[in-house]
Amino acid sequence: MDRQDRSAMILTTLFITGIVISNVIAAKVIKLGAFLFPSSIISYTFTFIIANMMSDVVGKERSKFLVFMGFLAQATASGLILIGLFLPSADINRGEAYRLLLGINWRFTLASLSAYGTSQLMNYYIFNSKFFKNGFTANLISVLVAQFFDTLIFTFVAFFGIYDRLLDMVLSQYVIKIIIVVVTNPIFLLTKKMKA
């Protein structure tokens, strides 16, 4: 296995793990001062940087394929979790715990898949455009723009008609995502070592 294939496997593993685990840990909501956001915000935001690293190290076609495989992984994981939800439980307490932790209703699944499909492809096209000369800058801008639309789409699809303060939710989550992206953006510089 050559260096490029190894890099592709590492990045694919990190990306798919981040996507799938985000669905599992999203049930925990974190309160940090005035901000409320799902704990999946860190793992999910990180996947955008990984996708851009794949473009930079292995090539944009592999990165685009990675985005589609992430969508497949997310849809498959959601489907399997739903099947587990409807299977009869041997223990009522454990069944209820499963429902509380992993119970996904159609609206959250739709919101998650819609936001993912839109924002990951947006990230891909912005990062791989000829507009940015520097990969570090392209990564920062593409992730920030894609995360804004991801947050907007997910929040409105998942919570429209349920909560009144949707714009507050969007802004709260987006501010946290900006902090995460700015702090983690230097990870993108690892692509130089992976290409060497």
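- Put simply, L171 and I153 are part of two different groups of oily side chains (I, L, V, M, F, W, Y) that touch within less than 4.5 Å, one to the next.
- For M69, the CE atom sits in a packed shell: over 12 heavy atoms of surrounding residues, nucleotides or ligands are nearer than 6.0 Å.
- Under the 3.5 Å distance criterion, the side-chain polar atoms of S114 are left unmatched by any main-chain donor or acceptor of A111.
- Within the 3.5 Å criterion, the main-chain N or O of L14 finds no donor-acceptor partner in the side chain of T17.
- Not a single donor-acceptor pair under 3.5 Å links the side chain of Y174 to the backbone N or O of Q147.
- Between the S129 side chain and the I126 main chain, a donor and an acceptor come within less than 3.5 Å of each other.
- With no hydrogens or angles considered, a side-chain donor-acceptor pair links T47 and Q120 at under 3.5 Å.
- The main-chain N or O of I25 is found under 3.5 Å from a side-chain atom of S39 such that the two form a donor-acceptor pair.
- Heavy atoms of other residues, nucleotides or ligands lying less than 6.0 angstrom from CZ of F159 number more than 12.
- Atom CZ of F156 is surrounded by more than 12 heavy atoms from other residues, nucleotides or ligands within 6.0 Å.
- Proximity of a side-chain donor or acceptor of S63 to a complementary backbone N or O of A51 within less than 3.5 Å is detected.
- For the side-chain contact (heavy atoms from CB on, under 4.5 Å) test with K177, the passing option among D150, L144, V182 is D150; the others fail.
- Taking a 6.0 Å sphere around CG of L87, one finds it holds more than 12 heavy atoms contributed by other residues, nucleotides or ligands.
- Side-chain N or O atoms of N128 include one that pairs as donor or acceptor with a backbone N or O of Y124 at under 3.5 Å.
- In terms of modelled atom types and a separation under 3.5 Å, the side chain of T45 and the main chain of I42 share no donor-acceptor contact.
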